[in-house]
Amino acid sequence: MKELIILGSTGSIGTQSLEVAKAQNIRVRALTAGSNHKLLEEQARQFKPDVVALSDISAAKQLKIALGDTDIKVLSGEEGIIEAATYKGETVLSSIVGIAGLRPTLAAIECGKNIALANKETMVTGGTIVNKLAKEKGVKILPVDSEHSAIFQSLQGALEGSLKKILLTASGGPFFNKTREELKNVTAKDALKHPNWSMGAKITIDSATLMNKGLEVIEAVHLFGVKASDIEVLVHRQSIVHSGVEFSDGAVIAQLGTPDMKIPIQYALTYPERGVKFENLDLFKIGTLTFEKPDLDTFRCLPLCIEAINKGGLYPTAVNGANEESVRLFLEGKIGFLQIAELNEKAMEKAVNKTDYTVEDIFEADLQARETVLKACGII
Ligand code: NAD
Ligand code: MG
């Protein structure tokens, strides 16, 4: 039986991971979250981990009082999250949102744990360092992101050098086929209505801007060792074909399924074995599968991410950091939808690149990009 640590257990991926852990009878050793002490308390009482941690110090104090009648150790702050990430258990499910996931994920790899990776921003910002460390420590990075899990599943049994192209599917989000004019005044409420997936707020906005697909192109470059030019993005409105690969002989293998994150989460936790069925895929009910080219003139974040990974170095960190900030401002109603891409582009222009960089350089570049966004909006 596996032992598991979940980083970001109160989120969309985190809660679904706990459902999978329950279905698979996996022992949960540690759980962490940002500030939701109420839900973390409930999870702790149900799953009985040895350790829990909250990055928010005052929320952790409340949790400590609430769990006073148990033996569960309560930790706080980023150090607390890192301590939990390196606690007993061979696998860490990394599902914190944003670059905040990078340090705890690196710490878990450092102590030899396999990573089930949902937190794509870790790969986007630290992909080179993560891959190097994982190789050194002999740990596996198993993708949880549905597209990357589909690519990984399609590659099972493939010979080295046979992969020619990655077919990365995108739902197109709630604003598919909209013009820039129509997008000028859309609100966070409109953008949060995703047609197929139920996810955290940040990734839902990223799906609406196609930034999510851009981050996924960068993630795929690091996970599968391909160039961005070997990745084709296809808008597939039904979210049934989760992605695929084309081999040297033109054969295409793809993975299909219902849009349910429990499938890729479970595969990352049971690999190479397959787990239980949560839902049935009824292709007769779906009937038609369609594929279209993305509109790169309207949804600027996607080409911007491709530019960032082609330039390399700290550019992906800059575009990611700017985006985390601009999405936050959009969710708070402080900027318009189209400004997200504009601000991300500005941060890319101002970014100072380095090719040989450390984790500290990544956080410095992230901070600079965020400052560029805040200055451009007159907030600082
Ligand atoms: P979410 O917002 O629902 O959950 C995020 C989790 O991280 C929560 O538990 C939150 O408490 C915790 N957290 C936030 N900030 C933190 C911090 N500073 N320190 C420690 N913990 C913190 O997000 P989500 O939708 O579950 O997404 C998580 C990650 O998985 C993201 O990187 C996202 O891109 C990726 N992902 C999500 C989905 C999905 O279906 N939701 C699919 C593919 C990939
Ligand atoms: Mg995805």
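Remember, it's 1-based here, ligands and their atoms both numbered in the order they're listed.
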Student: Strictly under 2.8 Å of the Mg ion (ligand 2): which protein N/O/S atoms qualify?
Tutor: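 Those protein N, O or S atoms (cut-off: under 2.8 Å from the Mg ion (ligand 2)) are D145 OD1, E147 OE1, E216 OE2.
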Student: Would you say I166 and I141 are hydrophobically clustered, going by side-chain heavy atoms of ILVMFWY under 4.5 Å?
Tutor: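 Yes: a chain of side-chain contacts under 4.5 Å links I166 to I141.
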Student: Using side-chain heavy atoms (C-beta onward) and a distance below 4.5 Å, is I335 in contact with I340?
Tutor: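 Yes, close enough: below the 4.5 Å cut-off.
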Student: Please round to the nearest 0.5 Å and tell me the distance separating atom OG of S94 and atom CD1 of I115.
Tutor: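 It is 6.5 Å, given to the nearest 0.5 Å.
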Student: What pair of heavy atoms forms the shortest contact from F337 to A208, and how long is it?
Tutor: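 Here F337 and A208 meet closest at CZ-O, 3.4 Å.
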Student: According to side-chain contact (heavy atoms from CB on, under 4.5 Å), who are the partners of D69, at least two apart in sequence or on a separate chain?
Tutor: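 R45.
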Student: Would you compute the distance between atom NE2 of H194 and atom OG1 of T204 and round it to the nearest 0.5 angstrom?
Tutor: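 The NE2 atom of H194 sits 7.0 Å away from the OG1 atom of T204.
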Student: With rounding to the nearest 0.5 Å, note down the distance linking OG1 in T125 to CE in M123.
Tutor: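 These two atoms lie 10.0 Å from each other.
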Student: Could you tell me the separation between the CD1 atom of I26 and the CG atom of L269, rounded to the nearest 0.5 Å?
Tutor: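 These two atoms lie 5.0 Å from each other.
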Student: Report all N/O contacts between ligand 1 and the protein shorter than 3.5 Å as a table of atom names and distances to 0.1 Å; if there are none, say 'none'.
Tutor:
unit_1: ligand 1; atom_1: 3 (O); unit_2: S12; atom_2: N; d: 2.9
unit_1: ligand 1; atom_1: 9 (O); unit_2: G8; atom_2: O; d: 3.2
unit_1: ligand 1; atom_1: 9 (O); unit_2: T10; atom_2: N; d: 3.3
unit_1: ligand 1; atom_1: 9 (O); unit_2: T10; atom_2: OG1; d: 2.7
unit_1: ligand 1; atom_1: 9 (O); unit_2: G11; atom_2: N; d: 3.1
unit_1: ligand 1; atom_1: 11 (O); unit_2: T10; atom_2: OG1; d: 3.3
unit_1: ligand 1; atom_1: 11 (O); unit_2: G34; atom_2: N; d: 2.8
unit_1: ligand 1; atom_1: 19 (N); unit_2: S55; atom_2: OG; d: 3.3
unit_1: ligand 1; atom_1: 25 (O); unit_2: G200; atom_2: N; d: 2.9
unit_1: ligand 1; atom_1: 26 (O); unit_2: S12; atom_2: N; d: 3.1
unit_1: ligand 1; atom_1: 26 (O); unit_2: I13; atom_2: N; d: 2.9
unit_1: ligand 1; atom_1: 30 (O); unit_2: A118; atom_2: O; d: 3.4
unit_1: ligand 1; atom_1: 32 (O); unit_2: N119; atom_2: ND2; d: 3.4
unit_1: ligand 1; atom_1: 32 (O); unit_2: E121; atom_2: OE1; d: 2.6
unit_1: ligand 1; atom_1: 41 (N); unit_2: S12; atom_2: OG; d: 3.1

Student: Which donor-acceptor pairs under 3.5 Å do side chains of residues 128-137 form with protein atoms, sequence neighbours excluded?
Tutor:
unit_1: N131; atom_1: ND2; unit_2: H222; atom_2: O; d: 3.0
unit_1: K137; atom_1: NZ; unit_2: E110; atom_2: OE2; d: 3.4

